[in-house]
Amino acid sequence: MILSIESSCDDSSIAITNIQTKELIYHKKISQELEHSIYGGVVPELAARLHATALPKILEECKEYFKDLKAIAVTTAPGLSLTLTEGVTMAQALSLSLDIPLISVNHLKGHIYSLFIEKESLLPSTILLVSGGHTQIIEAKSLYNMEIIASTMDDSFGESFDKVSKMLGLGYPGGPVVQKKALNGNENKFDFPIPLRQSPNIEFSYSGLKNAVRVQIQKLGELDNLNEQDINDICASFQKAAVGHIIMKLKKQFKKSAPQRFAIVGGASANIYLRNEIDRLLKEFNCNELLLADLKYCSDNAAMIGRVAIEQYNNNDFTNMNSITTAARVKGF
Ligand code: KG4
Ligand code: ZN
């Protein structure tokens, strides 16, 4: 079995996975959403402190499996350096005391392999990764052959939901609450511009859309003057533009190269509006294979890190105890 640890942002999670059967033997996650909600976003120092208490608490429940462990896997990049270090320190201590190797896992590969938890992997695939830190189109041929073909120039898709939510006083994380409010809103009420509409490039940007929402809130007389319906309408109109941006860029990409298989991963892949619009787009391009992770595995978790680690274990892809490093901002894999 492999014990995997995830602490790249605000979720403390540990999983134990059977290497041969891929079965998830144990999985627990303690989220810090409540603690960060009042700040409207993740506060790294607070997150690191919460990991320092949550991770050992979860680990305590895994002790019975220690004798069966063959490796320790841990997310090393990308993420918040302060919080990554909490997981890495625990992984080093376990590796040393149990005398088993370390596996350094890329968080983005983790999101991709969230599709294959307790399953065989199914690559190649074109992948849309939408999370709090990333908005990317990836051509994933195999675990060791992944190419990012488009990224965001500023905010990510999930982050834009978080920022709009903060402006509307709806708390953190913004994605689920904005999506919920949008259900009761009129998506045509406010004409927010779809970002980079004229640009021929396949890249993303959310800062302009975020500012358009800010200006609209000001026009309505600031937050205190907004009624429930205004808030719902802003959420619906924003979501339509945010998703419309992705659809427009994917369409450009598909015209160049239509996908055989497509997948959406990352915390924001839980967005139903996005899922439905992409489903429609894929049909236009005669692609009938859309892969989605179970909703419970879309956001950060250690099960996805364990699933990547099985592949790395089978490839003898281990990391030296002393050379293991964290990298907060890495662009590629
Ligand atoms: O993958 P994840 O758990 O953490 C990162 O690696 O960043 O993604 C969290 C992000 C947050 O920005 C959250 O607001 C967003 O995913 N999110 C959503 C939805 N559910 C979560 N965004 C839009 N719609 C959703 N339903
Ligand atoms: Zn993530």
Side-chain angles (χ1 to χ4, degrees), residues 4-13 29-33 36-37 39-42 44 47 51 74-80 83-84 87 105-115 127-136 138 151-152 154-168 170-183 185 204 206 209-210 213 235-236 238-246 263-278 292-305 307-308 328-330 333:
S4 53
I5 306 170
E6 158 64 36
S7 69
S8 67
C9 191
D10 61 340
D11 295 293
S12 316
S13 181
K29 158 166 146 169
I30 298 180
S31 295
Q32 310 171 353
E33 290 170 356
H36 296 291
S37 190
Y39 303 105
V42 177
H51 284 304
V74 61
T75 305
T76 50
L80 302 170
T83 64
L84 285 167
V105 179
N106 177 290
H107 183 77
L108 307 183
K109 285 187 176 175
H111 276 303
I112 293 172
Y113 274 73
S114 68
L115 297 164
I127 292 172
L128 174 72
L129 168 68
V130 273
S131 69
H134 296 83
T135 309
Q136 296 177 333
I138 299 161
S151 312
T152 179
D154 40 63
D155 294 346
S156 74
F157 179 76
E159 193 178 5
S160 71
F161 278 73
D162 295 335
K163 290 184 174 170
V164 166
S165 175
K166 188 175 179 183
M167 286 185 240
L168 293 172
L170 299 174
Y172 172 86
V177 61
V178 169
Q179 168 174 289
K180 194 160 168 234
K181 297 271 174 198
L183 287 176
F204 301 102
Y206 280 97
L209 176 58
K210 174 186 70 186
V213 173
C235 288
F238 156 74
Q239 180 174 252
K240 181 184 169 202
V243 171
H245 178 35
I246 289 188
I264 324 173
V265 300
S269 70
N271 188 283
I272 304 298
Y273 191 97
L274 177 71
R275 287 181 170 205
N276 289 341
E277 289 298 300
I278 288 183
L292 296 163
D294 262 19
L295 277 179
K296 62 177 178 291
Y297 299 132
C298 287
S299 57
D300 294 348
N301 64 82
M304 67 188 195
I305 303 304
R307 182 62 188 84
V308 177
R329 291 187 178 275
V330 287
F333 297 101

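What you see is a predicted model, and the numbers here were worked out from it, not measured in a lab. Counting starts at 1 for both ligands and their atoms, in listed order.
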J.: Below a 4.0 angstrom heavy-atom separation, can you tell me which part of His134, side chain or backbone, both or neither, approaches ligand 1?
T.: neither
J.: For residues Pro44 and Thr83, report the shortest heavy-atom separation together with the two atoms involved.
T.: O-CG2, 4.0 Å
J.: Quick check: does His111 put an N/O/S atom under 2.8 Å from the Zn ion (ligand 2)?
T.: yes
J.: What protein heavy atom lies closest to atom 2 (P) of ligand 1? Include the residue and the distance to one decimal.
T.: Asp300 OD1, 3.3 Å
J.: How close does the nearest protein non-hydrogen atom get to atom 7 (O) of ligand 1, and which residue and atom is it?
T.: Gly132 N, 2.8 Å
J.: Do Phe157 and His245 make the cut of ring centroids closer than 6.0 angstrom?
T.: no
J.: Quick one: which ligand 1 atoms are inside 4.0 Å of a heavy atom on Asp162?
T.: 11 (C), 12 (O), 13 (C), 14 (O)
J.: What do you reckon, does Asn271 have a nitrogen or oxygen under 3.5 Å from a nitrogen or oxygen of ligand 1?
T.: yes
J.: Side-chain contact, heavy-atom cut-off 4.5 Å: Asp294 with Tyr297?
T.: yes
J.: So, His107 and the Zn ion (ligand 2): N/O/S under 2.8 Å, yes or no?
T.: yes
J.: Is there a heavy atom in Cys9 that sits closer than 4.0 Å to ligand 1?
T.: no
J.: Of Asp11, Asp10, Asp300, which is the lone residue that meets side chain to side chain donor-acceptor pair (under 3.5 Å) with Ser31?
T.: Asp11
J.: With a cut-off of 4.0 Å, which atoms of ligand 1 are near a heavy atom of His111?
T.: 1 (O), 6 (O)
J.: I want to check something: taking the side chain as every heavy atom from C-beta on, are Ile264 and Leu274 in contact at a cut-off of under 4.5 Å?
T.: yes
J.: His51 and side chain to side chain donor-acceptor pair (under 3.5 Å): which single residue from Ser12, Ser8, Ser7 fits?
T.: Ser12
J.: Looking at Gln179 and Ile272, what are the two nearest heavy atoms and their distance?
T.: OE1-N, 2.9 Å
J.: Determine which of the N, O or S atoms in Asp300 is closest to the Zn ion (ligand 2) and give its atom name.
T.: OD1
J.: If only atom types and distance count, is the side chain of Ser13 paired as donor or acceptor with the main-chain N or O of Ala302 below 3.5 Å?
T.: yes
J.: Enumerate the atoms of ligand 1 whose separation from the nearest heavy atom of Gln179 is less than 4.0 angstrom.
T.: 26 (N)
J.: Counting from 1, what ligand 1 atoms have a heavy atom of Gly174 closer than 4.0 Å?
T.: 14 (O)
J.: Looking at Gly133, which atoms of ligand 1 are within less than 4.0 Å of one of its heavy atoms?
T.: 7 (O)
J.: Among side-chain atoms of Lys181 and Ser165, is any donor-acceptor pair under 3.5 angstrom?
T.: no
J.: Check Ile138, Val265, Ile246 against Leu128 for a side-chain contact (heavy atoms from CB on, under 4.5 Å) and give me the one that passes.
T.: Ile246
J.: Based purely on interatomic distance, does Gly158 place a nitrogen or oxygen under 3.5 Å from a nitrogen or oxygen of ligand 1?
T.: yes
J.: Considering non-hydrogen atoms of the protein only, which is the closest contact for atom 1 (O) of ligand 1, and what is the distance?
T.: Gly267 N, 2.9 Å
J.: Need the ligand 1 atom indices (1-based, order shown) with element for anything under 4.0 Å from a heavy-atom of Ser299.
T.: 3 (O)
J.: For the 3.5 Å polar cut-off, considering only N or O atoms, please tell me whether Gly175 and ligand 1 meet it.
T.: yes
